[in-house]
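Beneath this line is the structure, given in structure tokens, with notes to follow.
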Amino acid sequence: EKIKVISPATSANLGPGYDIFGLALSEPYDTITLSRSGGGISISVKGEGANKIPTDVDKNTAGVVVREIIKDFNIKEGVKIEIEKGIRPGSGLGSSAASSAGAAFAMNELFNLNLSKLELVKYASLGESISAGFPHADNVAPAIYGGFTMVVNYNPLEVLHIPVDFEVVVALPDIEVSTKKAREILPDSISLRSMVNNVGKACGMIYSLFKKDVELFGRCMMGDSVVEPYRSQLIPGYLEVKEKIKDLVYGITISGSGPGVIIIPKEGKISRIKEVLDEVWACPVYHTKVGTGIQIL
Ligand code: HSE
């Protein structure tokens, strides 16, 4: 018996929502197949950047999730994990999250565990601990729920979900940024003014989703004064792209810990946007939309 799922890329933070906001995308995605097997956990990885992904159970984000679920539910069988990466690792598009969330989702189906979405997020975030050093859930939550999600509390974990539908463009400059390092450069504390600024912009974003006001969403998304100023230094060309693209987009920001960037395009401007991205980065660009999360194939 086997279960095959597609697990999508996600864009975390979205500016002011560091470790809180996340958006599921329709593309790119990983394909994950779990099969019951005689004993032990085996992992194989192919596709985009597969050579960079450890296949050791304790070091692989899907492996850790499968191992924990087997332990907690006292499952006597083994599991064969086959991962086909469509999402480049270290891209800021939730590559590790797609594999861990896909594994949690597929384990639930394969062994009929009846886990809630929130419990799946909890298991999947264990995978994030090993790749980022903290079980941040802002990528695994949208992978599991689809649409837009907010991690309103860690410990105990609380996730809120808003289904939304709009177009996005994602660019993946050919630069490596490790999530761990991109977290280490952030300050431990921030000023009261920065807190007021970011909470204000985050409120504007949530309001915009209910009003279907994509202009307001993009404008507030660009208003982060805490994280982006540090991380933009890790992405050569980012500030140049931001300046050159400003009249063509409702918003642009770093996707997750980067180097990917997420853009909310204005109508009819996609080809101009692609030209700017090509001029500065000549990198892969996805014209996609908000997605509905993990699907069984
Ligand atoms: N919230 C996380 C971070 C997302 O920004 O470090 C990583 O993709």
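Just follow the structure's listing: the first ligand is 1, and inside any ligand the first atom is 1. In this chain, residues are counted from 1 in sequence order. FYI, side chains are in, hydrogens and waters are out, and symmetry mates aren't considered; it's all heavy atoms of this structure.
I190 and Y230 fall within a single hydrophobic cluster, where Ile, Leu, Val, Met, Phe, Trp and Tyr are joined by side-chain heavy atoms under 4.5 Å apart, directly or via other members.
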Note down each nitrogen or oxygen pair, ligand 1 side and protein side, whose separation is under 3.5 Å; give only atom names and the distance to 0.1 Å.
{"unit_1": "ligand 1", "atom_1": "1 (N)", "unit_2": "N13", "atom_2": "OD1", "d": "2.9"}
{"unit_1": "ligand 1", "atom_1": "1 (N)", "unit_2": "D19", "atom_2": "OD1", "d": "2.6"}
{"unit_1": "ligand 1", "atom_1": "1 (N)", "unit_2": "D138", "atom_2": "OD1", "d": "3.4"}
{"unit_1": "ligand 1", "atom_1": "1 (N)", "unit_2": "D138", "atom_2": "OD2", "d": "2.7"}
{"unit_1": "ligand 1", "atom_1": "5 (O)", "unit_2": "N13", "atom_2": "ND2", "d": "2.7"}
{"unit_1": "ligand 1", "atom_1": "5 (O)", "unit_2": "R231", "atom_2": "NH1", "d": "2.7"}
{"unit_1": "ligand 1", "atom_1": "5 (O)", "unit_2": "R231", "atom_2": "NH2", "d": "3.3"}
{"unit_1": "ligand 1", "atom_1": "6 (O)", "unit_2": "R183", "atom_2": "NH1", "d": "2.7"}
{"unit_1": "ligand 1", "atom_1": "6 (O)", "unit_2": "R231", "atom_2": "NH2", "d": "3.0"}
{"unit_1": "ligand 1", "atom_1": "8 (O)", "unit_2": "N139", "atom_2": "OD1", "d": "3.0"}

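The shortest side-chain heavy-atom distance between K85 and S99 falls under the 4.5 Å cut-off. Two residues are said to be in side-chain contact when any heavy atoms from C-beta on lie closer than 4.5 Å; L34 and M107 meet this criterion.
The backbone N or O of P229 sits less than 3.5 Å from a side-chain atom of Q233, completing a donor-acceptor pair.
Using a 4.0 Å cut-off between a side-chain N of Lys or Arg and a carboxylate O of Asp or Glu, D58 and R67 qualify as a salt bridge.
With sequence neighbours excluded, the residues satisfying side-chain hydrogen bond (donor to acceptor under 3.5 Å, both in side chains) with K76 are N74.
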